[in-house]
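Worksheet: one structure, shown below.
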Amino acid sequence: MKLSDIDTTVINRARNIRLLILDVDGVLTDGGLYFTNTGDELKAFNSLDGHGIKMLQKSGVAVAIITGRTSHIVEKRAKALGIKHLIQGREDKLTALEELRSILPIEYGHIAHIGDDYPDLPLIRRVGLGMSVANGHWAVKEHTHWESQFSGGHGAVREACDLIMLAQGTFEQALNEYL
């Protein structure tokens, strides 16, 4: 991804982001709901997404999860990634955002959200940078500022993290740690 390939309006919005809010099913995962015969839930997370989240947090951008479902697996994944703000079981994501903003008083223009389906629309329409995954619902994508070229669970979150870091000039420093 090169900044020159991205719309300047998106770059300007990404430059201001201080908080990235993630959906889970369809964004951090492929959206499939997998259950064993005993009823245990399974979720597959992408390691590229996870590393991108860690890099973004290290660059100074906070990351939170707001999801409509409740899962112990998501709690474990958030903890492993150092995500301190996890709100589960909340279909009303806008109210959850207001609760999060009472803890992290960040202006809407400094918040990004990446989602894939109708419950994400209120956040996508309210925040400074609304984003979707490539396989998100078409009606959701009509309201976003930016769309990943990757599907949920397949690197879309990593691409969003990279976009924010590129716009903020922190990507090269993050990459240099590995060179």
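Scope of the values below: all heavy atoms of this structure, side chains included, with no hydrogens, waters or symmetry mates.
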#### Entry: Verdict with reasoning, R158 to N46, per side-chain contact (heavy atoms from CB on, under 4.5 Å)
CA-CA 9 Å; R158 175 60 170 273; N46 187 296; over 6 Å; no
For residues [X] and [Y]: do they belong to one hydrophobic cluster (side chain heavy atoms under 4.5 Å, members Ile, Leu, Val, Met, Phe, Trp, Tyr)?
| X | Y | result |
| --- | --- | --- |
| F150 | V27 | no |
| V157 | I124 | no |
| V10 | L123 | no |
| I21 | W146 | no |
| I65 | L121 | no |

### Task
Could you walk me through whether S148 and E159 pass the side chain to side chain donor-acceptor pair (under 3.5 Å) test, one step at a time?
CA-CA 7 Å; S148 174; E159 188 180 26; 2.4 Å; yes
### Query
Is R126 atom CZ crowded by more than 12 heavy atoms from other residues, nucleotides or ligands, each under 6.0 Å away?
no
Is there a donor-acceptor pair closer than 3.5 Å between any side-chain N or O of [X] and the backbone N or O of [Y]?
| X | Y | result |
| --- | --- | --- |
| T144 | M131 | no |
| D117 | P119 | no |
| N12 | T8 | yes |
| R18 | H110 | no |

### Query
Does K141 come within less than 4.0 Å of D116, counting only side-chain N to carboxylate O?
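No salt bridge links K141 with D116.
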### Summary of side-chain hydrogen bond (donor to acceptor under 3.5 Å, both in side chains) pairs that have at least one residue in residues 100-109, sequence neighbours excluded
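Qualifying pairs, neighbours excluded: E98-R101, E98-Y108, R101-Y108.
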### Message
I'd like to check the side-chain contact (heavy atoms from CB on, under 4.5 Å) partners of E75; sequence neighbours left out, ordered by chain and number.
### Response
H72, L86, Q88
### Query
Which pair of heavy atoms, one from D49 and one from A156, lies closest together, and at what distance?
OD1-N, 3.6 Å
### Message
Which heavy atom of S47 sits nearest to which heavy atom of R77, and what is that distance?
### Response
CA-NH2, 4.4 Å
### Task
Compute whether any side-chain donor of one residue and acceptor of the other, for H113 and D120, lie under 3.5 angstrom apart.
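D120 and H113 do have a side-chain donor-acceptor pair below 3.5 Å.
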### With E177 via salt bridge (charged side-chain N to carboxylate O under 4.0 Å, His left out) - residues at least two apart
K58
